[in-house]
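Each chain gets a letter, A, B and so on, in the order the sequences are listed, and its residues count up from 1.
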Amino acid sequence: MRVPILKQGDYLIASVQSVLSDDDLRLLRDDLADRVGRFRSRGVIIDVTVLDVIDSFATRTLRSVAHMLKLRGAHTVIVGIQPDVAFAMVQLGLTLAGVGTALDLEEGLEYLNGRSHRLHEHRAFGSREEDRLGHPVRPTRHTQEHHALRAHEEDEKKLFSGHASPRSLDYGH
Amino acid sequence: MAIESRVRISDTAGIVTARQQGRTLALELGFEGSDLTVIATAISEVARNILDHAKSGEVIISRYQHGGKRGICVIACDTGPGIADIEQAMQYGYSTRNGLGIGLPGAKLLMDEFHIKSTVGLGTTITMRKWMH
Ligand SMILES: Nc1ncnc2c1ncn2[C@@H]1O[C@H](COP(=O)(O)OP(=O)(O)OP(=O)(O)O)[C@@H](O)[C@H]1O
Ligand SMILES: [Mg+2]
């Protein structure tokens with residue numbers, strides 16, 4: 001089954017709905033690559049809450065999806081890995097090294113928001129992500145305004161496209 | 001549910017069916033929690049190896065009883081190219097096709113028993129078991 005991909009502001013959310021065959025996984029990779037380009041998305045959340053097995057193939061694919069999307073300028077965060085699945089992955093020695101993970105969608109969005117703040121900072125001033133004392137740099141007024149502007153634009157887009165806010169959506173567990 | 005289930009592996013749908021059958025039988029046998037996922041994951045690895053390295057084959061899942069012990073038995077067999085050096089193939093990270101090389105050693109770690117028989121040109125049979133504790 002093809003994984004539905006939802007556009008949510010700067011982000012894409014792919015909610016895996018059923019057990020995925022290898023072909024579904026490849027399709028997901030291609031769809032995401034295509035849409036990240038089309039919508040200029042900054043982040044991608046892949047929700048794997050319903051996956052009952054993440055084996056070496058799935059791990060390899062998720063990793064390569066994330067690395068490919070990074071080359072296209074988007075951060076990927078995998079959310080919803082179930083405790084039993086995580087347990088089996090650890091026993092197998094499978095890691096998602098270099099890929100963001102978060103507990104659920106809400107935390108996934110927070111993770112990406114945090115990242116894009118830092119990304120703006122980086123882009124606007126060419127500064128490091130941390131100041132000399134190692135504290136994360138707060139967004140300046142400039143970047144905050146930029147965010148507000150973008151958020152405003154997105155709200156308008158949502159009004160016209162009928163998208164709801166992330167939290168009111170049912171992601172189908 | 002039958003006490004034994006045979007799943008033909010010739011495409012990725014077969015892999016999905018095999019691990020679902022494994023989970024169902026394990027549940028019926030009384031396995032619970034993470035054991036179910038561990039068994040399904042091990043099945044997924046050996047079934048995938050059939051598809052990747054031998055093109056097609058079969059996974060047979062059955063209940064197993066020996067002495068006072070009860071558990072689940074998974075046999076994955078194919079008539080593919082076979083494995084020339086089993087010791088090497090069982091090494092963590094060894095892969096002949098740019099994989100992670102985690103399938104075989106991983107499945108062994110996940111299960112309680114793992115036996116592999118392979119003859120070049122004739123095929124490979126993997127037998128693995130997990131006991132109820
Ligand atoms: N059924 C089989 N028939 C023939 N060769 C096999 C079979 N199963 C495994 N092998 C050989 O053993 C090697 C190691 O297998 P293993 O599953 O550990 O790694 P992989 O399949 O290459 O990668 P991964 O499973 O991590 O994606 C394979 O690369 C292959 O050469
Ligand atoms: Mg393998």
Side-chain angles (χ1 to χ4, degrees), chain A residues 1-3 14-31 46-68 76 78-99 101 103 173, chain B residues 9-24 26-27 31-53 59 74 76 89-95 97-112 114 128 130:
Chain A
M1 198 191 113
R2 203 180 187 118
V3 177
S15 310
V16 175
Q17 302 285 328
S18 64
V19 186
L20 287 182
S21 74
D22 301 8
D23 301 329
D24 298 329
L25 276 168
R26 282 190 204 101
L27 210 58
L28 173 65
R29 179 191 61 198
D30 298 344
D31 283 353
I46 302 177
D47 185 353
V48 297
T49 307
V50 303
L51 282 194
D52 70 324
V53 163
I54 298 183
D55 63 3
S56 61
F57 175 83
T59 302
R60 195 148 33 90
T61 311
L62 288 173
R63 260 167 30 177
S64 75
V65 168
H67 292 161
M68 188 202 59
T76 302
I78 313 275
V79 305
I81 296 177
Q82 294 304 296
D84 290 348
V85 173
F87 178 77
M89 285 175 75
V90 168
Q91 281 211 316
L92 264 174
L94 291 171
T95 63
L96 282 166
V99 183
T101 49
L103 198 59
H173 293 289
Chain B
I9 308 292
S10 54
D11 55 22
T12 56
I15 299 177
V16 172
T17 308
R19 66 190 190 211
Q20 280 172 343
Q21 297 276 337
R23 184 182 282 272
T24 309
L27 194 64
F31 284 99
E32 48 190 24
S34 59
D35 272 352
L36 299 171
T37 304
V38 159
I39 291 164
T41 307
I43 292 174
S44 195
E45 293 296 345
V46 292
R48 187 173 307 282
N49 276 352
I50 291 179
L51 192 63
D52 287 352
H53 307 295
V59 170
V74 177
M90 287 303 298
Q91 268 168 29
Y92 205 86
Y94 175 82
S95 171
R97 57 91 197 254
N98 223 352
L100 298 173
I102 276 176
L104 287 181
K108 183 177 178 172
L109 281 172
L110 291 175
M111 303 295 276
D112 293 328
F114 186 96
M128 43 189 204
K130 186 129 191 119

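- Within 6.0 Å of NZ on B:K108 lie no more than 12 heavy atoms contributed by other residues, nucleotides or ligands.
- Note that CZ of A:F57 and CG of B:N49 are 12.5 Å apart. Values are rounded to the nearest 0.5 Å.
- Put simply, OG on B:S95 and CZ on A:R60 are 7.5 Å apart, with the number rounded to the nearest 0.5 Å.
- Most heavy-atom pairs under 4.5 Å with chain A, from the set B:A13, B:G103, B:G33: that is B:G33.
- Taking 4.5 Å as the heavy-atom cut-off, the residues of residues 38-45 of chain B that approach chain A are B:V38, B:A40, B:T41, B:S44, B:E45, ordered by number.
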Legend entry - A:L25 vs B:T12, side-chain contact (heavy atoms from CB on, under 4.5 Å): CA-CA, chis, key distance, verdict: CA-CA 11 Å; A:L25 276 168; B:T12 56; over 6 Å; no

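- Using a 4.5 Å cut-off on side-chain heavy atoms (C-beta onward), B:I102 and A:D55 make no contact.
- Residues B:T37 and A:Q82 are not in side-chain contact: their nearest non-hydrogen atoms beyond the backbone lie 4.5 Å or more apart.
- Contact residues of residues 84-93 of chain A toward chain B are A:D84, A:V85, A:F87, A:A88, A:Q91, A:L92, A:G93 (heavy-atom distance under 4.5 Å).
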